[in-house]
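Input: a single structure, listed below in structure tokens.
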Amino acid sequence: LEADIVVVENGSADNSLRRLGARADCRLEVVTENKGFGHGANRGIAATTAPVVVVLNSDTEARQGAIKELVTALQNDATVGLAAPTLENADGSDQPSAYRRFPTPLTVALEAAILPGYVDALLPSLPHPTVVPPHDIKQGAPYLWVTSAVFAVSRAWWDKVGVFDENYYLYFEDTDWQRRMIAMGGRVLLVPEARVRHLHRAGDQIGRASCRE
């Protein structure tokens with residue numbers, strides 16, 4: 001899959017720049033101050049004019065063919081503004097990433113509270129009120145929005161909806177964008193065949209292979 005590859009060095013304080021070095025297969029965008037994920041993603045997307053842009057977090061690793069699956073999904077349906085893969089845990093198991101409804105301040109507060117953790121421990125089989133299990137997605141269960149650790153976005157929809165709101169320093173900038181896109185008539189699509197390993201906050205654990213798939 002031919003691609004214009006942009007790496008955003010988002011104001012990190014480690015030795016990322018030295019480790020990246022001079023890479024013939026990547027174009028480097030250096031942000032001197034870390035202003036949040038949304039700012040970095042906006043910078044990377046603005047650095048290319050590609051009709052489909054795939055954004056990968058630093059703690060993700062795409063399986064063979066995953067990027068092509070996401071790009072194809074957008075090219076095949078103009079109503080889809082954002083396509084996302086099935087996320088995997090480190091052991092290869094499915095990582096829940098689809099949701100039935102958008103969060104509110106109350107639901108976010110409840111998720112952050114200690115009590116739900118006890119409920120999960122005592123009643124592990126109790127269905128989550130908002131999360132759609134990966135197995136149910138494969139069976140055709142409906143969902144509204146997805147976690148965007150990795151996502152492909154249509155340039156046409158990106159230009160129509162606008163950039164990520166940079167008032168969100170970390171988290172919810174992608175949720176807000178999907179909400180705005182859906183309000184304009186666009187759709188979110190989770191592509192089960194596209195699989196990406198997602199190691200939460202563990203970018204330095206990802207292999208240092210070539211940028212190309």
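Taking every heavy atom of both residues into account, Ile137 and Ala98 meet most closely at CD1-CB, 3.8 Å. Between Val163 and Arg180, the shortest heavy-atom distance links the atoms O-NH2, 2.8 Å. When all heavy atoms of Pro85 and Ala194 are compared, the pair lying nearest together is CB-O, 3.2 Å. The shortest non-hydrogen separation linking Asp174 to Val146 is OD2-O, 4.2 Å. Of all the heavy atoms in Pro142 and Val132, the pair that sits closest is O-CG2, 3.7 Å. When all heavy atoms of Leu189 and Ala73 are compared, the pair lying nearest together is CD2-CB, 3.8 Å.
The side-chain heavy atoms of Pro133 and Pro96, taken from C-beta on, include no pair separated by under 4.5 Å. Under the 4.5 Å side-chain criterion, counting only non-hydrogen atoms from C-beta, His198 is not in contact with Val150.
In this structure Arg43 satisfies the salt bridge (charged side-chain N to carboxylate O under 4.0 Å, His left out) test together with Glu29, sequence neighbours excluded. Shown here are the salt bridge (charged side-chain N to carboxylate O under 4.0 Å, His left out) partners of Glu88, two or more places apart in sequence or in another chain: Arg63, Arg195. Contacts of Phe151 classified as ring pair (Phe, Tyr, Trp, His ring centres under 6.0 Å), with partners at least two apart in sequence or in another chain: Phe164. Qualifying side chain to side chain contact (heavy atoms under 4.5 Å, CB included) partners for Arg187, counting only residues two or more places apart in sequence or in other chains: Asp77, Thr79, Val80. Contacts of Asp165 classified as salt bridge (charged side-chain N to carboxylate O under 4.0 Å, His left out), with partners at least two apart in sequence or in another chain: none.
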- Evaluation steps, side chain to side chain contact (heavy atoms under 4.5 Å, CB included), between Leu74 and Leu82: CA-CA 7 Å; Leu74 285 178; Leu82 182 144; 5.9 Å; no
- Task: Let me see the working for Tyr143 and Tyr99 under side chain to side chain contact (heavy atoms under 4.5 Å, CB included), right down to the final yes or no.
- Result: CA-CA 5 Å; Tyr143 53 90; Tyr99 303 86; over 6 Å; no
- Applying side chain to side chain contact (heavy atoms under 4.5 Å, CB included), run through Asn42 and Glu166 and close with a yes or a no. CA-CA 9 Å; Asn42 287 341; Glu166 295 179 10; 2.9 Å; yes
- Message: Run Val153 and Val54 through side chain to side chain contact (heavy atoms under 4.5 Å, CB included) and show every step you take.
- Response: CA-CA 6 Å; Val153 63; Val54 181; over 6 Å; no
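The line from OH of Tyr169 to NE2 of His39 is 11.0 Å long, rounded to the nearest 0.5 Å. Separating the CD atom in Glu193 from the OG1 atom in Thr86 is a distance of 7.5 Å, to the nearest 0.5 Å. Here CG of Asn76 is found 6.0 Å from OG1 of Thr72. Values are rounded to the nearest 0.5 Å. Between the CG atom in Asp176 and the CE atom in Met181 there is a gap of 11.5 Å [rounded to 0.5 Å]. Atoms OG1 and CH2, on Thr175 and Trp145 in that order, are 3.5 Å from each other to the nearest 0.5 Å. Separating the CG atom in Leu144 from the CZ atom in Arg100 is a distance of 11.5 Å, to the nearest 0.5 Å.
Side-chain contact check for Ser148 and Glu173: no donor-acceptor pair (N or O, by modelled atom type) lies under 3.5 Å.
Within the structure, the side chain to side chain donor-acceptor pair (under 3.5 Å) test picks out no pair touching residues 149-162 (sequence neighbours left out).
Using a cutoff of 4.0 Å between basic side-chain nitrogens and carboxylate oxygens, Lys138 and Asp94 are scored as salt-bridged.
Paired with Gln95 under the rule side chain to side chain contact (heavy atoms under 4.5 Å, CB included), one option of Val196, Leu199, Thr147, Asn89 passes, and it is Asn89.
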